[in-house]
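Contents: one structure, followed by commentary.
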Amino acid sequence: MDMEPFEREGLADWIGPLLDGAFVTLQIALAAYALGLMLGLAGAAAKLGGSATLRGIAAAYTSLVRAIPELLLIILLYYAGTQGLNAALQAMRARRV
């Protein structure tokens, strides 16, 4: 068996794709942080200073989210979020995820 092609591959062959992946990971993390910050600030503003209706909606949302285990929320968001994202992309005639 000739193992020579595998022996020539080293870190230099993979550094480009690894850096690309790290950059995409940072982009996703920063986008998620920004989205979470905006949603958190909107929820806090609704709960602290909004109308009675907004305070009620914010209180109901807080109670509901606190009652659901985090792992279940992650699973629900993963599957439902992917389907929702694909539906939105299909409506915009873009490629599916």
Side-chain angles (χ1 to χ4, degrees):
M1 258 170 84
D2 186 21
M3 296 294 286
E4 193 173 319
F6 295 109
E7 293 172 4
R8 283 185 279 181
E9 288 186 12
L11 183 60
D13 297 330
W14 291 99
I15 196 74
L18 286 173
L19 289 175
D20 289 342
F23 182 65
V24 169
T25 301
L26 286 174
Q27 287 177 323
I28 292 170
L30 289 174
Y33 178 76
L35 180 64
L37 182 64
M38 288 187 297
L39 290 173
L41 287 174
K47 203 165 185 181
L48 294 175
S51 66
T53 304
L54 286 177
R55 282 194 307 270
I57 291 171
Y61 171 79
T62 303
S63 298
L64 179 70
V65 170
R66 283 186 179 171
I68 299 174
E70 287 84 6
L71 183 59
L72 181 60
L73 277 176
I74 291 170
I75 291 169
L76 287 173
L77 287 174
Y78 176 78
Y79 288 109
T82 303
Q83 286 183 336
L85 181 61
N86 281 328
L89 289 173
Q90 188 176 14
M92 295 185 294
R93 300 179 191 263
R95 197 176 57 157
R96 291 176 54 104
V97 176

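In what follows, every heavy atom counts, from backbone to side chain, and hydrogens, waters and symmetry copies are set aside.
Between the CG atom of Leu64 and the CZ atom of Arg66 there is a distance of 12.0 Å, given to the nearest 0.5 Å. With rounding to the nearest 0.5 angstrom, the OG atom of Ser63 is 11.0 Å from the CD1 atom of Ile68. A distance of 14.5 Å separates OH in Tyr33 from CG in Leu26, rounded to the nearest 0.5 Å. Taken from CG in Asp20 to OG1 in Thr25, the straight-line distance is 10.5 Å, to the nearest 0.5 Å. Rounded to the nearest 0.5 angstrom, Met38 CE and Leu41 CG are separated by 9.5 Å.
The hydrophobic clustering, which links ILVMFWY residues whose side-chain heavy atoms are closer than 4.5 Å, places Val65 and Leu72 together. Transitive grouping of hydrophobic side chains (ILVMFWY, heavy atoms separated by less than 4.5 Å) brings Tyr78 and Leu71 into a common cluster.
Screening Leu77, Thr82, Ile75, Leu76 for a side chain to side chain contact (heavy atoms under 4.5 Å, CB included) with Tyr79, the sole residue that qualifies is Ile75.
Taking both residues in full, the closest heavy atoms of Ala58 and Gly43 are given as CB-O, 4.2 Å, listed atom of the first, atom of the second, then distance.
Counted within 6.0 Å of CD on Gln27, heavy atoms from surrounding residues, nucleotides or ligands total more than 12; the atom is thus considered enclosed.
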